[in-house]
Every structure is written in C-alpha cells, then in structure tokens.
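Quick notes on the structure that follows.
The model shown is predicted, which means the values in this text are computed figures rather than measured ones.
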Amino acid sequence: MDEVTGAQLIAESLKAQKVDYMFGIVGVPIIEVAMAAQAAGIRYVGMRNEQAACYAASAVGYITGRPGACLVVSGPGLIHALGGMANANMNCWPVVVIGGSSDRNQETAGAFQEFPQAVRTSIYGRPGACYVDIAGDMVNAKVERSKVSCCPPPPVSLADQGSVTEAISVLKAAKTPLVIIGKGAAYGRAETVLRELIEMSGLPFLPTPMGKGVLPDDHANCVAAARSRALLQADVILLFGARLNWMLHFGLSPRFNPNVKIIQVDLCAEEMGNNVRPAVALLGDISAVATQALALQSTVPLNYYTVFHHISQLLPHDCIIVSEGANTMDIGRTMLNNYLPRHRLDAGTFGTMGVGLGFAIAAAAVEASQNTGRRVVCVEGDSAFGFSGMEVETMCRYSLPVVVIVVNNNGIYSGVDSETWKAMKQMGELTSVAPPVSLLPDARYDEVMKAFGGRGLLVRTVEELRSALQLSLSDWERPSLINVLIDPSSDRKQQVTTTVRSTCL
Ligand code: ADP
Ligand code: MG
C-alpha cells in the first residue's frame with residue numbers, strides 16, 4: 001500500500017490543483033502541512049498575521065487564476081484570516097484557506113473527502129474564498145495515497161445570442177457610448193479581445209482602478225482623464241466585469257445620466273440589476289461574450305473604425321499617407337499613425353477637397369526618382385475622390401504604384417443604401433427627393449481604375465479588405481484602387497475625448 005500522511009496528501013492534492021503558493025502562520029497541528037507543501041514543490045511564505053497571509057493568497061489567485069493557499073491554525077488563526085476571506089469574496093478573487101482544527105475525537109467528524117472540491121468552488125462561477133477544515137489527528141495519520149486530478153479551468157459560458165444582437169443594436173443607436181472595464185475583465189484575461197473590440201468599434205473606454213492596464217492607460221480611446229464627464233455624458237454603457245457599487249457611484253444620477261442604458265456583462269447572474277436595471281444583461285464570460293459581439297459586428301456592413309483599424313495594422317510605418325474627405329480624414333487622422341515627418345498630406349489649411357490624387361502623384365513621382373522604397377497610400381472619402389478621380393489615368397500612364405483606398409459611404413458626410421435609393425426613385429424625381437449629400441450608392445470607383453489598366457478591387461468585408469490591401473502593397477508595377485463599401489449611415493461616434501482634446505488645444 002502506498003501510504004502517505006494526511007499532511008502529504010493535502011500538499012500533493014494542492015500541487016495537483018496547480019496551487020503553487022502557500023501563505024500562512026504555522027502552529028499545531030498544521031506545521032507538518034507547511035513542510036509537506038514545501039516538499040511537494042509549493043512555495044511557502046511564512047507571514048506575521050493570518051490576515052496579511054490571506055490577502056497575499058487571494059492576490060495570487062487574482063494574478064495567476066489558480067487560488068493561493070492560506071494556512072492557519074484553528075480559533076484565532078482562522079478568525080484573523082476571516083478579514084482576508086471577506087476581502088477576497090468582495091473582490092471575487094479565489095483563495096483556499098486551510099485551517100487546522102482539533103482532533104476528530106474532540107469534535108464532529110470533518111468531511112476530509114470534500115477537499116478537492118475546494119479549489120473548484122473557489123474558481124468556478126464567481127471566484128471567491130473557500131475554507132477547508134482539517135482535523136488535527138488527520139495531519140499525521142497514515143492514509144492510502146489517492147490521486148487528485150487537477151480541476152480544469154472553469155467552464156466558459158456564452159451569453160444568449162438574441163441578447164447579444166440586442167446589445168449591438170442598442171450600441172449602434174448610441175450617440176455617446178462608453179465601455180467600462182473592470183477587474184473582472186482583468187481576472188478573466190480578456191485583454192486581447194477587448195482591445196480588438198475597442199479598436200474595431202472606436203468606442204471610448206474607462207477602466208476602474210484595477211481594470212487599469214487591461215488596455216494601456218495611454219491608449220487613444222482611454223477617457224480616464226475625463227472620468228466624471230465620460231460617466232455623466234454616456235447614453236449607453238457597456239459594462240465589462242465591474243459592479244455598479246460605490247466605486248462607480250452605484251450607476252446613479254447625478255454622476256450618471258439618469259437615462260443611461262447599461263449593457264451589463266458578468267458571469268454572476270445575481271449581479272444583474274444591482275442598483276440599475278440593465279437594458280441588456282449578458283450573462284457569460286467576458287472574453288467569450290466580447291468574441292460573440294465581435295463576430296456579430298463582422299457580419300454587419302463595415303464602419304470607419306473597423307476599416308481604419310485594419311488599414312493601420314497593415315500599412316508600413318514609413319509610408320506616405322495622403323488623406324482627404326470629411327469623416328474619412330477626421331477619423332483616419334486619429335487612427336492612422338504617422339511615424340516620420342513630412343509623411344502626411346491632407347486637405348490642409350484651406351480644407352480643400354480634391355487635392356489628394358495630385359498630392360499622391362507628386363509623392364509617388366519623388367519616390368520613383370529617389371527610389372526610397374516608401375509606399376504612397378491615398379485614403380479618400382468617396383466624395384473627395386470624385387473631385388479629381390480622373391487622375392487615376394495619370395497614375396496608370398506613368399505606372400505610379402499608388403494605393404488608393406476609397407472609403408465609400410455613398411455620400412458627402414453620409415449617404416443612403418441602394419434599397420433606399422430605389423425607394424426614393426419610386427417616390428418622385430430624384431432631384432426633388434434625394435438628399436443633397438447622397439452620391440450614387442455602391443458606385444464602382446474600382447472600375448474607373450481598371451479602365452486604365454490599374455488594379456481595381458471591391459471589398460465589403462474585413463477579410464476582403466485585408467487581402468486587397470496586402471495584394472496592392474505587394475505590387476510595385478501599377479496603381480491600385482480599393483473601393484471599400486461601408487455602412488452608409490456609419491458616422492463618427494461622439495467621444496468625450498474629442499471635447500476634452502479640443503479644449504486642451
Ligand atoms: P471593479 O472593482 O473593477 O469595478 P468588481 O469587482 O466590482 O470590479 O466587479 C468584477 C465583476 O467581474 C464581478 O461582478 C465578477 O462576477 C465579474 N467577473 C469576474 N470574472 C469574470 C469573467 N471571467 N467573466 C465575466 N465576469 C467576470
Ligand atoms: Mg463619403
């Protein structure tokens with residue numbers, strides 16, 4: 001028989017559960033537990049008070065996602081640890097507290113076999129503290145070694161798909177939306193997908209104190225510097241892993257807009273509706289729910305933010321960016337970075353539209369003669385392109401490999417879709433009914449480039465955009481025009497940052 005002591009069994013079980021750190025203060029009967037833990041490869045940190053030990057163990061749980069262990073003696077040891085357990089519970093951080101108690105013949109028998117479940121209850125569902133009580137005589141009693149298998153990471157739950165769709169439409173209708181990122185998002189390791197969501201949607205975000213760093217504080221969309229204003233002005237708030245408690249002023253007026261619509265994302269159903277009834281409750285893991293939202297977003301027509309997010313990922317840092325248009329130039333300026341001087345040419349002091357293709361031809365001619373290997377990329381709104389569109393013939397004639405991207409929203413500022421256009425035709429003379437800002441829906445500017453022998457590409461999706469841009473950037477022989485059809489109602493999201501920045505200027 002493969003025998004171990006109770007203490008060894010505890011230590012080996014903890015190790016099997018990927019509990020790698022133990023904090024505590026030893027005394028009878030748990031000294032052997034600490035020694036066995038070290039022997040099993042667990043780092044043991046002897047502290048001076050059980051409260052601090054429990055704070056430390058729970059912080060390990062938050063940082064690593066596997067609970068830290070806190071080892072205490074019975075009675076006062078456990079009572080001191082209670083402060084740490086309460087703090088862990090309130091923070092939703094996992095911790096396993098192990099307390100030694102008196103021998104079993106002095107009390108009712110403890111349920112030792114429940115031990116492996118302790119780790120599971122601390123990390124499944126809403127994370128928090130759990131407590132295991134070990135009878136003193138079990139520490140040195142010999143038992144048969146039993147194998148504890150590591151409890152797998154918590155099962156991931158998705159939000160109801162209908163609710164995700166509803167959340168997206170609430171967000172699309174928002175005028176001043178705001179994303180709040182809490183420490184639940186940090187614990188849930190949601191940084192990658194939240195960054196994708198923020199950058200594709202252009203939404204401003206505000207971190208809570210421990211939500212800081214999920215996305216960098218110096219991210220262009222971070223509105224932490226204007227926290228009060230952001231909270232007050234938001235008409236829709238997408239809440240990721242933060243509670244509307246005192247830290248967020250309970251989500252109530254006067255710190256919040258009294259009519260604010262909250263889209264609440266949390267894995268704890270009981271949290272939904274605390275203090276404010278959410279417009280949409282998305283019950284599930286933050287990474288999973290944000291991925292659901294992203295997937296839905298990529299099925300709807302492209303918007304400016306999505307387009308610029310992907311363009312900015314693919315453009316070489318030393319390219320010369322020529323840009324003009326209304327929304328195209330404004331949003332593009334914030335999302336397409338420049339890294340070198342004299343590498344951006346736009347509508348300039350006079351706000352002139354129609355300068356872009358001429359500027360691009362000049363830059364490409366200089367590049368061709370100096371042979372510096374820099375690309376000229378011309379990012380045009382559809383109306384801006386129209387002013388000098390025929391210059392694509394010049395580009396083709398001289399084989400200037402300019403990449404022209406037309407961000408096409410069917411109009412000046414904004415346009416209408418082809419269905420609406422057809423319906424307007426039925427209503428009467430287009431010259432009487434068509435909005436003066438509208439241009440021909442889905443106009444094939446790409447065909448204009450093709451007519452002269454350049455490359456013309458029509459794109460409607462993220463995948464098409466990425467492959468079209470990569471293909472165009474790899475071609476040094478001739479110019480390309482990528483006609484990107486976006487949602488004609490796609491518009492600039494009002495952002496508190498805009499106001500703040502312009503006041504700073
Ligand atoms: P903050 O202090 O940043 O406002 P809170 O502690 O108030 O954060 O809120 C964190 C919330 O995150 C809790 O309601 C918790 O249930 C939730 N949470 C923790 N992990 C996840 C996860 N992976 N997915 C979704 N919600 C989570
Ligand atoms: Mg336009």
Side-chain angles (χ1 to χ4, degrees), residues 21 52 54-68 70 83-96 121-130 153-154 156-157 159 178-198 203-219 221-225 227-228 230-231 234 237-251 255-256 262-276 278 281-291 293:
Y21 299 87
C54 196
Y55 292 152
S58 66
V60 159
Y62 176 60
I63 296 165
T64 68
R66 298 301 294 192
C70 174
M85 292 169 76
N87 190 67
N89 259 352
M90 293 308 287
N91 267 354
C92 313
W93 290 0
V95 61
V96 180
T121 53
S122 78
I123 58 175
Y124 280 31
R126 179 178 252 178
C130 68
V156 172
S157 49
L178 176 70
V179 176
I180 295 181
I181 300 179
K183 65 175 167 318
Y187 179 74
R189 298 179 145 57
E191 50 272 13
T192 311
V193 56
L194 285 187
R195 179 186 279 261
E196 190 82 0
L197 188 73
I198 293 286
L203 292 169
F205 74 89
L206 180 72
T208 66
M210 279 199 248
K212 276 161 71 73
V214 170
L215 265 74
D217 283 344
D218 64 359
H219 191 285
N221 297 29
C222 178
V223 295
R227 180 178 186 274
S228 304
L231 291 179
I237 288 180
L238 182 50
L239 189 65
F240 281 114
R243 284 168 285 183
L244 294 173
N245 53 20
W246 66 276
M247 295 179 74
L248 281 170
H249 318 288
F250 308 104
R255 305 300 293 270
F256 281 69
I262 306 274
I263 300 168
Q264 193 174 3
V265 185
D266 204 294
L267 48 62
C268 174
E270 292 91 320
E271 189 55 43
M272 300 301 182
N274 272 344
N275 298 323
V276 177
L282 301 177
L283 182 66
D285 175 70
I286 291 167
S287 291
V289 174
T291 307

Minimum heavy-atom distance [X]-[Y], with the two atoms named:
X: Ile123; Y: Pro154; value: O-CG, 3.4 Å
X: Ala224; Y: Leu206; value: CA-CD1, 3.6 Å
X: Ala190; Y: Ile286; value: CB-CG2, 3.6 Å
X: Leu178; Y: Ala234; value: CB-CB, 3.7 Å
X: Val193; Y: Ser287; value: CG1-CA, 3.7 Å
X: Val95; Y: Cys70; value: CG2-CB, 4.5 Å

Find the distance between [atom1] ([X]) and [atom2] ([Y]) and round it off to the nearest 0.5 Å.
X: Met90; Y: Arg243; atom1: CE; atom2: CZ; answer: 5.5 Å
X: Leu197; Y: Phe240; atom1: CG; atom2: CZ; answer: 5.5 Å
X: Phe250; Y: Leu248; atom1: CZ; atom2: CG; answer: 10.0 Å
X: Asn87; Y: Met85; atom1: CG; atom2: CE; answer: 12.0 Å
X: Ile262; Y: Ile237; atom1: CD1; atom2: CD1; answer: 4.5 Å

> Do you know which of Leu267, Ile263, Asp266, Leu239 makes side chain to side chain contact (heavy atoms under 4.5 Å, CB included) with Leu282?
Replying inline: Ile263
>> Tell me which one of Val223, Asn221, Asp217 satisfies side chain to side chain contact (heavy atoms under 4.5 Å, CB included) with His219.
In response: Asn221
>> Applying salt bridge (Lys or Arg N to Asp or Glu O under 4.0 Å) to Arg126 and Glu271, what does each step give before you reach the verdict?
In response: CA-CA 10 Å; Arg126 179 178 252 178; Glu271 189 55 43; 2.8 Å; yes
>> Working note: Leu215 + Phe205, criterion side-chain contact (heavy atoms from CB on, under 4.5 Å); need CA distance, chi angles, decisive distance, verdict.
In response: CA-CA 9 Å; Leu215 265 74; Phe205 74 89; 3.6 Å; yes
>> In the structure I gave you, are the side-chain heavy atoms of Cys92 and Tyr187 within less than 4.5 Å of one another anywhere?
In response: no
>> Quick check: do Leu194 and Ile181 have side-chain heavy atoms less than 4.5 Å from each other?
In response: yes
Give a yes or no answer on whether the side chain of [X] reaches the backbone of [Y] with a donor-acceptor pair at less than 3.5 Å.
X: Asn245; Y: Met247; answer: yes
X: Glu191; Y: Ala186; answer: no
X: Asp285; Y: Ser157; answer: no
X: His249; Y: Gly251; answer: no

For residues 54-66, which side-chain donor-acceptor pairs fall under 3.5 Å, sequence neighbours excluded?
{"unit_1": "Tyr55", "atom_1": "OH", "unit_2": "Gln51", "atom_2": "NE2", "d": "2.7"}
{"unit_1": "Ser58", "atom_1": "OG", "unit_2": "Cys54", "atom_2": "O", "d": "3.3"}
{"unit_1": "Ser58", "atom_1": "OG", "unit_2": "Tyr55", "atom_2": "O", "d": "2.9"}
{"unit_1": "Thr64", "atom_1": "OG1", "unit_2": "Val60", "atom_2": "O", "d": "2.8"}
{"unit_1": "Thr64", "atom_1": "OG1", "unit_2": "Arg66", "atom_2": "N", "d": "3.2"}
{"unit_1": "Thr64", "atom_1": "OG1", "unit_2": "Arg66", "atom_2": "O", "d": "3.0"}
{"unit_1": "Arg66", "atom_1": "NE", "unit_2": "Gln17", "atom_2": "O", "d": "3.1"}
{"unit_1": "Arg66", "atom_1": "NH1", "unit_2": "Cys151", "atom_2": "O", "d": "3.1"}
{"unit_1": "Arg66", "atom_1": "NH2", "unit_2": "Gln17", "atom_2": "O", "d": "2.8"}
{"unit_1": "Arg66", "atom_1": "NH2", "unit_2": "Cys151", "atom_2": "O", "d": "3.1"}

